[in-house]
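Excluded from the calculations below are hydrogen atoms, water molecules and symmetry mates; all remaining heavy atoms, backbone and side chain alike, are included.
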Amino acid sequence: MEHQQRSEAHLSPFSDTEDSAHFARLLAPRLAYFAGVARTEHVTRAAEQMGVPQSTLSRAMVRLEQDLGVDLFARHGRTVSLTPAGRTFLSSVERALAEVGRAAEEVREDADPATGKVAFGFLHTMGSETVPGLIRAFRADHPRVRFSLVQNYGEAMLERLRSGELDLCLTSPVPDAPDLVGRRLDEQKLRLVVPADHRLAARRRIRLAEAADETFVTLEPGYGMRRITDDLCQEAGFRPRIAFEGEEAETLRGLVAAGLGVALLPPPAVARPGVVELTVTAPRAVREIGVAWLDGHPDTPPVAAFKKFLLSRRGRLLPD
């Protein structure tokens, strides 16, 4: 009965999630000590193996039991043995310590200059040629660096930067936000893509204002190319009529080929039949491509190396 009263007195304040988290932080520094004593069943031997004074270890075990309100050990002179509560606790402690050990090893491996990991995001339109070419060139000097790749639209990647899921991303337009750093690397000319049998298909160049009466297919709001399309059309003096909003530039090209509308798009990796791509002479139709990262976020050696590599590609990021 005395044992139960002691447990209730100590455990009752930790009844909700916030208090439980506080309790875990309180116990965490003592868990490795507890596991060492439990494995050896001898305080002196455990202290020698862990390189800490025996008195420190003894006090830590007493305080651990006091905080839990449970007897973890039965004392037998200089030796100890686990109580049933101690055996139950040890099972969970060993799993927790093993998980912490695995996590520590993982982050150390990810930060290794030679074999570490770079979490890198890029636009869908960068995926077929630009990014594979960049990684191939970088790995010529860093052959064992690993990449975790994310292909998405600009705003989604910036949110992943903020959450720590990405180290770097290639995006357009270059972000201008107080918590992010953006560096312009290159620019890409945009073309007005029309069906092969379109009235404008015989042209090579066009002013965007000449397409004011056309129906457009575009990327969805939130995509950088959609914002650029809207801004260029506004600069040309009209608001585009939208027939379809999609997520992939090549899907839009297919819909243009099917006659659903026209589109402002960057050049394709491979020419697509059924469409004609016209140079836009006015307004100046380009999109800036840049690299972004979270301001103040420390770089691991592999991330720092890849960032330096990307910045060295200013003006020659995109394939010819």
Checklist line | Candidate pair Asp179 and Arg162, rule side chain to side chain contact (heavy atoms under 4.5 Å, CB included), full reasoning | finding: CA-CA 8 Å; Asp179 59 334; Arg162 291 183 170 104; 2.6 Å; yes
Check: Going through the distances and angles, do Glu288 and Asp186 end up as a side chain to side chain contact (heavy atoms under 4.5 Å, CB included)?
Finding: CA-CA 6 Å; Glu288 290 187 337; Asp186 216 334; over 6 Å; no
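One side chain, Arg287 or Thr125, offers a donor N or O that lies under 3.5 Å from an acceptor on the other. Side-chain atoms of Glu41 and Thr79 include no donor-acceptor pair closer than 3.5 Å. Defined by atom type and a distance below 3.5 Å, a donor-acceptor pair is present between the side-chain atoms of Thr218 and Arg226. A side-chain donor-acceptor contact under 3.5 Å links Ser91 and Arg95.
Of the charged side-chain nitrogens involved, at least one lies within less than 4.0 Å of a carboxylate oxygen, so that Arg75 and Glu65 count as a salt-bridged pair. Salt bridge annotation for Glu277-Arg204: absent, with no cationic side-chain nitrogen under 4.0 angstrom from a carboxylate oxygen. Under a 4.0 Å N-O distance rule, the pair Glu214/Arg241 does not qualify as a salt bridge. With respect to the salt-bridge test (charged N to carboxylate O, under 4.0 angstrom), the residues Asp67 and Arg30 qualify. Here Arg284 pairs with Glu187 in a salt bridge; the nearest charged N to carboxylate O distance falls below 4.0 Å.
One hydrophobic cluster, built from ILVMFWY side chains closer than 4.5 Å, cannot hold both Leu294 and Val107; they sit in different ones. The hydrophobic cluster containing Ile289 does not contain Leu190, counting ILVMFWY residues as joined when their side-chain heavy atoms lie under 4.5 angstrom apart, directly or transitively. Put simply, Val217 and Leu208 are part of the same group of oily side chains (I, L, V, M, F, W, Y) that touch within less than 4.5 Å, one to the next.
A side-chain contact (heavy atoms from CB on, under 4.5 Å) with Arg39 is found for one member of Arg45, Gln49, Glu94 and no other, namely Glu94.
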